[in-house]
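Contents: one structure, followed by commentary.
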2 protein chains.
Amino acid sequence: MAVTMNDVARAAGVSLKTVSNVLNDYEFIRPATKKRVQDAIAELGYEANLTARSLRSGKTRMLGLVLSDLSAPYYAELASRLMKAASRRGYRVLVEQSDAVGEVELNALQGPFRQLTDGLLFTPLVIDADAIADRLGKKPLVLLGEHILDPRFDLVTMKNGEAAADLTAHLLAGGRRRIAVIGAHPEESAGSAGLRLNGYRKALDEAGVTFNPELIAPCEWRRDNGAAAVAGLLDGGVEFDAVFGLNDVLALGAMHELLIRGFRVPQDVAVAGFDDIDEARFASPSLTTVSPGMEEIAERSIGLLIDRIEGREAGDQAAHIEAGFQLKVRESAP
Amino acid sequence: MAVTMNDVARAAGVSLKTVSNVLNDYEFIRPATKKRVQDAIAELGYEANLTARSLRSGKTRMLGLVLSDLSAPYYAELASRLMKAASRRGYRVLVEQSDAVGEVELNALQGPFRQLTDGLLFTPLVIDADAIADRLGKKPLVLLGEHILDPRFDLVTMKNGEAAADLTAHLLAGGRRRIAVIGAHPEESAGSAGLRLNGYRKALDEAGVTFNPELIAPCEWRRDNGAAAVAGLLDGGVEFDAVFGLNDVLALGAMHELLIRGFRVPQDVAVAGFDDIDEARFASPSLTTVSPGMEEIAERSIGLLIDRIEGREAGDQAAHIEAGFQLKVRESAP
DNA sequence: GCCAACGTCTGCAACGATGTATGGCAGGAA
DNA sequence: TTCCTGCCATACATCGTTGCAGACGTTGGC
């Protein structure tokens, strides 16, 4: 049986509540008393029972993180940073993989997962704003990503449109005119895919290049789909001189397929991505991409969520934070 | 205020304990009573309070996973699978990143992290078996990886030596004679690095090739180190016709450096890795590597740990499980 | 010299569930 | 009738902590 506060209290010759007060940094305790208690704690090797504390206080000091799949490099890197940022502030992160399944997303909002955490970092991929609003409890929620732009919710995101436009402009400046886009429907205009596609179209417009829907290949954002999409375009006889993968793994999958088929990158086809995962720098050729300020996203979303949890004023209405970005020009599209 | 068991009991006209019994599948409950309770639960939207349940029962239904860094692709993919395997059995996984810092590893074994979980999956990188034994509580612990081979602990691992030997033999069969190894000290013989290096040496011996310590470059297992190690060898005038990165990111970093410097892979230098991360298949050229049976590792380690937690006989002494492996021959070393 | 204010500490009652022990009731055996 | 057994439900204590209200002794103002 573990050492309890009662044992400590007995050893220090004070009441149970005084031990609790010492542990919770209650203001009015005589230094001598405090020391006696601390000594007793050290001597007995007492450790607070977090479960009991949670039951009584209603706080778990855990944050929930809902994302589709931790094995996707972007999410893995993001999760790693979020966990470190949370850890610095005395919180842990509990991860839930939704696999982009609506039911799982809904359950994360109200089920046991919610109960275990003081607040949620949520990357909705399937459900919409109203569904979220319906099951929104009292606990804070911060949305990540950009599937949902709704004034009711805090949101931390990146400058998708602007970054995609800059990247596209860079490709155009390199003389590319037929830039294929992998990972969006031609008419898409919301969500990460839509916003990035909008940026692409905006850059085309500004350069006086006509948008060509035949160059836009929709698919889920996975490496193998990037390869398959390029294969589809080529087999369909679509010609292009650049590929913009809406995220890095799509771009890398696409690049792989191009190289296999004997295209030279970037001479024949330039390739660019989005996310700047660690792998992008070391791909061959290294991948031109957008670094979306992941560290800033991690730091600010954790900060915002914890501010909400601890009741600090962080603005009364929903915050909408956009991290800065950087174009990373590398070999695949110099 | 949330709905409690008491509310349900009142609504159903039974005692608190009867509700608890229904929830815990107690055998002797009249179907009619059971139904009344279940209806009341549904009507009130009752959800069990997990914190209270944990306090009373001493179980959290969470498993701890300690690894160095979730952003490393191998760990990210492993964590993702472990979480899914745990989820299927009604458990969650709480991840702790040690950054290969000894103090963090020690704290994971006995601190609050341990308290929050019913059992631990632990990848020790720094601390040794005795340090673990010293702070081993009553809760089950399963070691992952192979830094520690000790009859006191359950261990789930892979066939490092055998797989490395097969891979090396494959390189030798392709006519390579000067195979550089990235990620180990020449004298290392324990841990993942040591075991894989042993396999390498064994294959050399069997082929009658002399081991050359100058070909062995030690470094931490990160992508940039793989590149730096190859650069170091080349700048130091060491000649080689193949590189064996002791994991995939090292191999990919190395390959990147080789390609930058104008070597052709595999014509001038063959490259091989270990882990078969998703990226390996889509690298250019695609990476020859060892698939270490990650799915089996995830499934069996979760199974073993939960068996221990739930007190099922899984053999009285420590289990020692080795997953099977597969050689994946791809373009980088055909 | 009295009362209010202050600083310091304490006791009790929760938080919401589960384990143990036990209480009824029905039906069959003695 | 009486006792026992099997089924079903209950009461009470308990897990280890924190919130609330208040007790106690000291100090300072008037």
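Reminder, nothing fancy here: chain letters follow the sequence lines and each chain counts from 1.
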Side chain to side chain donor-acceptor pair (under 3.5 Å) partners of A:Tyr91, counting only residues at least two apart: A:Glu310
Output a table of donor-acceptor pairs, distance under 3.5 Å, between side-chain atoms of residues 11-21 of chain A and any protein atom two or more places apart or on a different chain; print 'none' if there are none.
from	atom 1	to	atom 2	distance (Å)
A:Ser15	OG	A:Lys17	N	3.3
A:Ser15	OG	A:Thr18	N	3.2
A:Ser15	OG	A:Thr18	OG1	3.2
A:Ser20	OG	A:Asn24	ND2	3.4
A:Asn21	ND2	A:Lys17	O	3.4

Nearest-angstrom distance from the residue atom CD1 of A:Ile41 to C1' of D:dT17: 13 Å
All side chain to side chain donor-acceptor pair (under 3.5 Å) counterparts of B:Arg61, not counting sequence neighbours: none
Side chain B:Arg56 and base D:dT14 donor-acceptor under 3.5 Å: yes
Non-neighbouring partners of B:Asp25 that pass side chain to side chain contact (heavy atoms under 4.5 Å, CB included), sequence neighbours left out: none
Side chain to side chain donor-acceptor pair (under 3.5 Å) against A:Thr123, all qualifying residues, sequence neighbours excluded: none
Close residues, residues 42-52 of chain A, relative to DNA chain C [heavy-atom separation under 4.0 Å]: none
A:Arg10 CZ - C:dT10 P separation (whole Å): 14 Å
Side-chain N,O (B:Ser57) to OP1/OP2 (C:dA17) below 4.0 Å: no
Any A:Ser20 side-chain nitrogen or oxygen under 4.0 Å from OP1 or OP2 of D:dT18: yes
When you compare the protein's N or O atoms with those of nucleotides 23-26 of chain D, which come within less than 3.5 Å of each other, and at what distance?
none

DNA chain C-proximal residues of residues 11-19 of chain A, any heavy atom under 4.0 Å: A:Val14, A:Ser15, A:Lys17, A:Thr18
Whole-Å distance separating the CD atom of B:Gln115 from the C1' atom of D:dC15: 13 Å
Heavy-atom check, side chain of B:Asp69 versus side chain of A:Ser80, under 4.5 Å: yes
Minimum-distance nucleotide (side-chain atoms of B:Leu55 versus D:dA9, C:dA17, D:dG16): D:dG16
Residues A:Thr60, A:Asp118; criterion side chain to side chain donor-acceptor pair (under 3.5 Å); working and verdict: CA-CA 6 Å; A:Thr60 62; A:Asp118 293 343; 3.1 Å; yes
Validation row: A:Ile302, A:Leu63 side chains within 4.5 angstrom (heavy atoms): yes
Between D:dG16 (P) and A:Leu23 (CG): distance, integer Å: 15 Å
Rounded distance in Å - NZ (A:Lys59) to C1' (C:dC15): 15 Å
Counterpart residues, side chain to side chain contact (heavy atoms under 4.5 Å, CB included), relative to A:Gln38 (two or more places apart): A:Val22, A:Lys34
Spacing between B:Asp25 atom CG and C:dG19 atom P, to the nearest angstrom: 13 Å
Short side-chain N/O contact to D:dT18 OP1/OP2 from A:Arg53, under 4.0 Å: yes
Whole-Å gap separating C1' (D:dT10) and CG (B:Asn21): 10 Å
Side-chain N,O (A:Asn24) to OP1/OP2 (D:dT18) below 4.0 Å: yes
Qualifying side chain to side chain donor-acceptor pair (under 3.5 Å) pairs, either residue in residues 39-59 of chain B, two or more places apart: B:Lys35-B:Asp39
Beyond-backbone contact of A:Met294 with A:Tyr74, side-chain heavy atoms, under 4.5 angstrom: yes
Qualifying residues under side chain to side chain contact (heavy atoms under 4.5 Å, CB included), relative to A:Arg152, sequence neighbours excluded: A:Ala129, A:Asp130, A:Ala133, A:Asp150
Footprint string (nucleotides 22-27 of chain C, 5' to 3'): B base within contact, S backbone only, - free, heavy atoms under 4.0 Å: ------
Length of the line joining A:Arg30:CZ and C:dC6:P, which is rounded to integer Å: 18 Å
Note, A:Leu82 side chain near A:Leu65 side chain (heavy atom, < 4.5 Å): yes
